[in-house]
Amino acid sequence: MSAEVTLHHLDHSQSQRILWLLEELSLAYPTFTYKLFHHFRTSQKVAPESLKAVSPTGKAPALVLENGRTLVESTTIITYLLKTYDTEGRFGGGNRMYNSHVDDRTEQDDWLRDDELTSYASSSLGFMIQFVFILQLIPKLSPWFMRPLLSLMFRGIEMGFKPRLEQSMQFAEDALEGRKFFLGDNISRPDFAMEFPMNQCFQRRMLDEDKYPKVKAWRARVQGREAWKSGLSKGNGYDWTVY
């Protein structure tokens with residue numbers, strides 16, 4: 001199996017989870033290869049112009065397929081990579097994905113649970129975390145003389161919104177009951193999808209991670225994987241506190 005997909009990767013962005021997935025595929029399937037192209041944020045911490053030449057959104061990740069087509073939505077990229085290159089179904093991909101007729105079915109083959117948790121990462125949970133991130137960011141981007149007042153005002157809004165974020169995180173906590181990963185003993189599509197909102201949330205201290213011990217243990221398992229470590233070494237920074 002040989003692949004010539006190219007990941008256009010941006011520092012301190014959600015494309016790090018795609019790089020992690022590519023490294024998992026590389027370790028599981030030695031014949032799988034990919035190309036990596038780095039883009040770096042400007043001094044204003046925004047995506048560079050170079051990404052606009054690759055992605056219609058001007059953002060990362062952007063995965064260029066063998067036929068030249070470009071995918072720009074993370075969930076779609078994750079699904080494509082697993083469906084196409086996880087041929088032995090080690091991560092619930094290949095022919096096992098969305099297949100209700102697998103003879104040796106496990107929880108990893110529960111496509112409804114897979115789809116719900118994957119969607120949850122980018123919609124219900126992801127939306128909440130992005131909203132809080134914007135609340136935290138606005139005062140820092142404002143004129144200096146407005147920052148004290150805006151910081152106080154937006155901090156109040158964030159605190160008012162916090163119970164809803166806690167409720168969303170509790171759903172993820174409950175989903176890990178009795179499981180190492182979101183679909184059981186092995187990583188799969190929801191784990192790759194969940195990595196970004198989880199890291200953004202806890203790196204920026206939106207919530208107290210100690211209140212979610214199963215999520216905390218899950219993050220430790222993910223970050224202890226060789227593919228995660230190699231993905232970080234090949235990436236160009238993954239720190240949500242730089243903003």
Side-chain angles (χ1 to χ4, degrees), residues 8-20 37-62 72-75 119-173 193-213 215-216 218-220 222-223 228 231-243:
H8 286 264
H9 174 68
L10 179 65
D11 57 321
H12 311 296
S13 78
Q14 59 178 305
S15 63
Q16 187 64 46
R17 60 180 165 180
I18 307 301
L19 185 50
W20 168 36
F37 193 93
H38 290 280
H39 299 263
F40 296 89
R41 292 184 182 275
T42 67
S43 58
Q44 287 77 38
K45 299 293 191 298
V46 297
E49 290 293 318
S50 58
L51 265 174
K52 293 182 180 179
V54 180
S55 167
T57 65
K59 300 177 181 179
V72 297
E73 281 296 321
S74 293
T75 302
S119 298
Y120 193 78
S122 59
S123 55
S124 300
L125 180 62
F127 166 77
M128 297 280 187
I129 291 171
Q130 284 300 305
F131 181 73
V132 174
F133 178 57
I134 291 171
L135 291 178
Q136 293 179 344
L137 204 59
I138 289 176
K140 294 183 179 181
L141 299 177
S142 303
W144 66 268
F145 58 89
M146 296 178 62
R147 289 174 191 169
L149 177 60
L150 289 177
S151 294
L152 184 64
M153 183 174 67
F154 280 94
R155 180 63 175 168
I157 297 174
E158 180 183 342
M159 289 299 98
F161 194 77
K162 188 174 181 179
R164 297 178 63 184
L165 179 56
E166 290 174 331
Q167 185 178 25
S168 293
M169 187 59 69
Q170 189 61 48
F171 180 88
E173 176 78 2
M194 288 282 190
E195 181 281 322
F196 163 60
M198 293 295 190
N199 263 314
Q200 189 179 39
C201 177
F202 294 116
Q203 282 190 21
R204 294 194 62 85
R205 302 183 186 279
M206 296 177 187
L207 295 175
D208 181 358
E209 190 175 22
D210 289 334
K211 293 183 178 180
Y212 307 93
V215 169
K216 185 176 182 178
W218 171 83
R219 289 187 70 218
V222 167
Q223 294 172 5
W228 174 262
L232 280 181
S233 67
K234 292 181 180 180
N236 43 356
Y238 191 52
D239 183 1
W240 283 101
T241 66
V242 301
Y243 300 98

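Index from 1, following the sequence. Worth knowing before you read on, the calculation uses all heavy atoms, side chains too, and leaves out hydrogens, waters and symmetry mates.
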Participant: Taking ring-ring contact (aromatic ring centres under 6.0 Å, His included) as the test, write out the residues that go with Y243, two or more places apart.
Facilitator: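 Residues passing ring-ring contact (aromatic ring centres under 6.0 Å, His included) with Y243: F133, W240.
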Participant: Between T42 and E49, is a side chain to side chain contact (heavy atoms under 4.5 Å, CB included) present by the stated rule, with each step listed?
Facilitator: CA-CA 9 Å; T42 67; E49 290 293 318; over 6 Å; no
Participant: When you compare the side chain of F154 with that of I157, does any pair of heavy atoms fall below 4.5 Å?
Facilitator: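 With C-beta onward as the side chain, the pair touches.
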Participant: Does atom CD of E73 have more than 12 heavy-atom neighbours from other groups under 6.0 Å away?
Facilitator: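 Atom CD in E73 is not packed in, count stays at 12 or less.
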Participant: Quick one: closest heavy-atom pair of R41 and A47, and the distance?
Facilitator: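 Of all heavy-atom pairs spanning R41 and A47, the closest is NH1-N, 4.1 Å.
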Participant: Does K234 have any salt bridge (charged side-chain N to carboxylate O under 4.0 Å, His left out) partners at least two apart in sequence or in another chain, and if so, which?
Facilitator: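 Expected list: E23.
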Participant: Could you go through residues 164-171 and list every donor-acceptor pair under 3.5 Å that involves a side-chain atom there, pairing it with any protein atom two or more places apart or in another chain?
Facilitator:
residue, atom, partner, partner atom, Å
S168, OG, R164, O, 3.2
Q170, NE2, D174, OD1, 2.8

Participant: What distance separates L135 CG from L150 CG, expressed to the nearest 0.5 Å?
Facilitator: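 L135 CG to L150 CG: 11.5 Å, rounded to 0.5 Å.
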Participant: For the atom pair CD (Q14) and NZ (K59), what is the distance rounded to the nearest 0.5 Å?
Facilitator: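 Spacing of CD (Q14) from NZ (K59) equals 9.0 Å.
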Participant: If we only count heavy atoms from C-beta on, is the K162 to L207 side-chain gap below 4.5 Å?
Facilitator: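 A side-chain contact under 4.5 Å exists here.
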Participant: Holding to side chain to side chain donor-acceptor pair (under 3.5 Å), I want the full list of residues that pass it with S119, two or more places apart in sequence or in another chain.
Facilitator: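 Residues passing side chain to side chain donor-acceptor pair (under 3.5 Å) with S119: none at all.
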Participant: Whether the side chain of Q16 engages the backbone of F196 through a donor-acceptor N/O pair (distance < 3.5 Å, no angle test) should be reported.
Facilitator: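 No; zero donor-acceptor contacts below 3.5 Å.
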Participant: Under 4.5 Å between any side-chain heavy atoms of M206 and M128, yes or no?
Facilitator: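 No, side chains not in contact.
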Participant: If the condition is ring-ring contact (aromatic ring centres under 6.0 Å, His included), which residues does F37 pass it with, not counting sequence neighbours?
Facilitator: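 Once residues adjacent in sequence are excluded, the partners of F37 under the ring-ring contact (aromatic ring centres under 6.0 Å, His included) criterion are H8, H39.
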Participant: Roughly how far apart are D11 CG and K45 NZ, rounded to 0.5 Å?
Facilitator: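 Here the interatomic distance stands at 9.0 Å.
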Participant: Kindly determine whether L232 and Q223 satisfy side chain to side chain contact (heavy atoms under 4.5 Å, CB included), including the steps that lead there.
Facilitator: CA-CA 10 Å; L232 280 181; Q223 294 172 5; over 6 Å; no
Participant: Say you draw a straight line from CG of N236 to NE2 of H12; how long is it, rounded to the nearest 0.5 Å?
Facilitator: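 Nearest 0.5 Å value for the CG-NE2 distance: 7.5 Å.
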Participant: Do I18 and H9 have side chains that get closer than 4.5 Å, going by heavy atoms?
Facilitator: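 In short, these two side chains do not touch, never coming nearer than 4.5 Å.
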Participant: What closest approach, in Å, do A193 and P197 show between heavy atoms, and which atom pair accounts for it?
Facilitator: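 Nearest pair, atom of A193 first, then P197: O-CD, 3.3 Å.
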Participant: Keeping the roles fixed (side chain from S151, backbone from R147), state whether a donor-acceptor pair exists under 3.5 Å.
Facilitator: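 At least one qualifying donor-acceptor pair exists.
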Participant: Any side-chain to backbone donor/acceptor pair from S15 onto L10? Under 3.5 Å, distance only.
Facilitator: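 Pair found, side chain donor or acceptor close to backbone of L10.
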Participant: Could you tell me if the side chain of D239 sits less than 4.5 Å from the side chain of Q203, heavy atoms only?
Facilitator: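 Yes, at least one pair of side-chain atoms sits under 4.5 Å.
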Participant: From Y238 OH over to S13 OG, what is the distance, rounded to the nearest 0.5 angstrom?
Facilitator: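 One gets 8.0 Å once the value is rounded to the nearest 0.5 Å.
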Participant: Check V72 against P56 and note the closest heavy-atom contact, atom names and distance.
Facilitator: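 The pair with the smallest heavy-atom distance is CG1-CD, 3.8 Å.
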Participant: Is there a donor-acceptor contact under 3.5 Å from the side chain of R17 to the main chain of M194?
Facilitator: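 Judged by distance alone, no pair lies under 3.5 Å.
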Participant: Going by the side-chain hydrogen bond (donor to acceptor under 3.5 Å, both in side chains) test, which pairs reach into residues 129-143, not counting sequence neighbours?
Facilitator: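 As it turns out, the side-chain hydrogen bond (donor to acceptor under 3.5 Å, both in side chains) pairs with a partner in residues 129-143, which skip direct neighbours, are Q130-Q200, Q136-E158, Q136-R204.
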Participant: Grab the two heavy atoms, one from A62 and one from V54, that are nearest each other, plus how far apart they are.
Facilitator: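 For A62 and V54, the tightest heavy-atom pair comes out as CB-CG1, 4.1 Å.
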